2 protein chains.
Amino acid sequence: MAPPSFLRPLTRSRLSGEIEGILLEGIIGGKLRVGEKLPTERELAADLDVNRSTVRAALGKLESLELVEIRHGDGVYVKDFRRSSNLELILALTRMDEHQRDSVISSLLRLRTIFGPDMAFLASQNRTDDHLRSLREVIRESRLSVLEKDILVHHVIALASTNVLYLLLLNFFNKFMFEYGYLYFEDPENARRSVLFHREIYQALKGKNGRKARKIMEDVMKFSEDAVAGRLKKQDHAGR
Amino acid sequence: MAPPSFLRPLTRSRLSGEIEGILLEGIIGGKLRVGEKLPTERELAADLDVNRSTVRAALGKLESLELVEIRHGDGVYVKDFRRSSNLELILALTRMDEHQRDSVISSLLRLRTIFGPDMAFLASQNRTDDHLRSLREVIRESRLSVLEKDILVHHVIALASTNVLYLLLLNFFNKFMFEYGYLYFEDPENARRSVLFHREIYQALKGKNGRKARKIMEDVMKFSEDAVAGRLKKQDHAGR
DNA sequence: AATGGTCCAGTGGTCGGGCCACCCAACCAC
DNA sequence: GTGGTTGGGTGGCCCGACCACTGGACCATT
């Protein structure tokens, strides 16, 4: 049984997460300069009135985001976030700065349009019968929304492509889809289009037709990129 | 003064890092199944004969890698690493499994060949005079090795493209370059080729010549992809 | 002057033990 | 069934302490 759609999964909050957010804002916002030394863990703990271990948890996360460098016996230093390679940081950016959100989404869609067709091509060449079966099951499954189906279809294609980078990038896109997918799927016409796409790409993979797979994916990516871009522009005009 | 080249930067080890590695191997290696509940923090601490806070640090990192899900009041559960979107995981994979290393490098080079040209195109359209100046400085700077120059040149191009995703992906590639760049640059002919490339792409960006920028990058990417692929194949044949 | 050794205050890493917030399953009352 | 209660077990956080490591000051040697 699917839960009512108006219930979004809410996130548990941790105290360390709040601290993480504060420091993250300081770094991204430029209040903490690159190379600058942060206050010591003991100082931060005292200033924030929390325990040192809580501060350490927050700093550990920031280290994972490649925003700080922790040097044993020395201190914690701010790194250049523009040199980070952590995709999670992108998500944090969009949630922080409303203005940058659209820019990120555009960048994201462009990248997808660029590598999607190649991924489809590789999938058509490397797919196994297992992949086909998974695709069939997803497409048939009536309990899933079109958005959910779309995510799963792309996931199978990424798996079939045998390119781990493509798979990983797609996993990242899917996170975005959960948050912003409505921008595309709220239009029933777009939803219909996706259902059609699922059937077509399935046939192309089944027939190992690389050229066709590439073309189908290219069309879908370009279309959705334009659609969302237009959607954002309209929202932007209305907003101000 | 540049340090002697035979000195590679060595990594400080943390106890929590070791624990992280053990659990990571268990998850990637399949010994811990998806959805499985890990032993409690207290149990792990007792079994490994370390403090619970050390175990928590390790689990925190695994959470950042999206390999486990920590549920307050419940336990820690194994997630499907094929659904992770953390690029750091890819690096961990290559360092763990010698066999998968080549596969990852191939995937990486393919992705780069796919999006590199578009990145160059965007850079040629959006570059500012500041970008050009940075490029000039990097190309001229005689104290840098060709590898270091190449990394910086690409970084400036990524910055100029204004696509945050391209920038981030390139940052990731650069990490690989530090570890595996020798596969390409140990051949002096390839190094010469790169120097030439730097000059050409600079001219294309200067003239805002999108078509040319795209073409130049495409040629370089394809060439290096083939070169490294051939290099890996040869090494593979010799190795067994 | 330059080099290398020693020491020391400060910092992050680990330890141990404790309490709190939360989850879950079992049980109970209706 | 349904909803409320209870209790054991889990992760989150706290406290205080010690260990491992760094950087700088100081000193002895060359």
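These numbers come from the heavy atoms of this one structure, side chains and all, not from hydrogens, waters or symmetry mates. A quick note: this is a predicted structure, and the numbers were derived from the prediction, not measured. Below, chain A is the first sequence line, B the second, and so on; all start at residue 1.
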Q: Which of the following nucleotides, C:dC15, D:dC13, C:dG13, is nearest to the side chain of A:R14?
A: D:dC13
Q: Just N and O in the side chain of A:N51: are any of them under 4.0 Å from OP1 or OP2 of D:dC13?
A: no
Q: How many Å lie between CZ on B:R56 and P on D:dC15, as a whole number?
A: 15 Å
Q: Should the pair B:R95-B:D97 be classified as a salt bridge under the 4.0 Å nitrogen-to-oxygen rule?
A: no
Q: Taking the side chain of B:H72 as heavy atoms from C-beta outward, which of C:dC15, D:dG12, D:dC14 is closest to it?
A: D:dG12
Q: Could you check how far CG of B:D74 sits from P of D:dG8, rounded to whole Å?
A: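 Between P of D:dG8 and CG of B:D74: 18 Å.
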Q: Start at the 5' end of DNA chain D and walk down; is the nucleotide closest to A:V55 or to A:R71 reached first?
A: A:V55
Q: Nearest to the side chain of B:T40, heavy atoms from C-beta on, is which of C:dC15, D:dT10, D:dG23?
A: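 For B:T40, the side-chain atoms sit closest to D:dT10.
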Q: Please step through side-chain hydrogen bond (donor to acceptor under 3.5 Å, both in side chains) for the pair A:R83 and B:H155, ending with a clear verdict.
A: CA-CA 9 Å; A:R83 296 247 173 181; B:H155 185 249; 3.3 Å; yes
Q: Given C:dC15, D:dG12, C:dG12, identify the nucleotide with an atom nearest to the side chain of B:E41.
A: D:dG12
Q: Using OP1 and OP2 only, check whether a side-chain N or O of B:S16 sits under 4.0 Å from C:dT14.
A: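 For C:dT14, OP1 or OP2 has a side-chain N or O of B:S16 closer than 4.0 Å.
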Q: Please state how far atom CD in A:E20 lies from atom P in D:dC13, giving the value in whole angstrom units.
A: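 Spelled out: CD on A:E20 to P on D:dC13 is 11 Å.
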Q: B:E69 CD to D:dG12 C1': how many Å, rounded?
A: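 Those two atoms, CD and C1', are 16 Å apart.
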Q: By nearest atom, which of the nucleotides D:dC18, D:dT22, C:dT14 is closest to the A:R42 side chain?
A: D:dC18
Q: Can you tell which of C:dT14, D:dG11, C:dG12 lies closest to the side chain of B:V76?
A: D:dG11
Q: Using a strict threshold of under 4.0 Å (side-chain N to carboxylate O), is an ion pair present between A:K61 and B:E63?
A: yes
Q: What is the distance, rounded to the nearest whole Å, between atom CG of B:L15 and atom P of C:dG12?
A: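 So the two atoms are 19 Å apart, to the nearest Å.
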Q: Using whole Å, report how far CD1 of B:I70 lies from P of D:dC13.
A: 11 Å
Q: Less than 4.0 angstrom between a side-chain N/O of B:T54 and OP1 or OP2 of C:dG13, yes or no?
A: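 No, B:T54 has no side-chain N/O under 4.0 Å of OP1/OP2 on C:dG13.
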Q: Should the pair B:E41-B:R52 be classified as a salt bridge under the 4.0 Å nitrogen-to-oxygen rule?
A: yes
Q: With a 6.0 Å cut-off on the ring centroids, do A:F115 and B:F115 count as close?
A: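 Ring centroids of A:F115 and B:F115 are no less than 6.0 Å from each other.
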Q: What is the distance, rounded to the nearest whole Å, between atom OH of A:Y77 and atom C1' of C:dG10?
A: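 Computing the A:Y77:OH to C:dG10:C1' distance gives 11 Å.
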Q: Quick check on DNA chain C: between A:G73 and A:E63, whose nearest nucleotide comes earlier from the 5' end?
A: A:G73
Q: Rounded to the Å, how far apart are B:D49 CG and C:dT14 P?
A: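 Going from B:D49 (CG) to C:dT14 (P), I get 14 Å.
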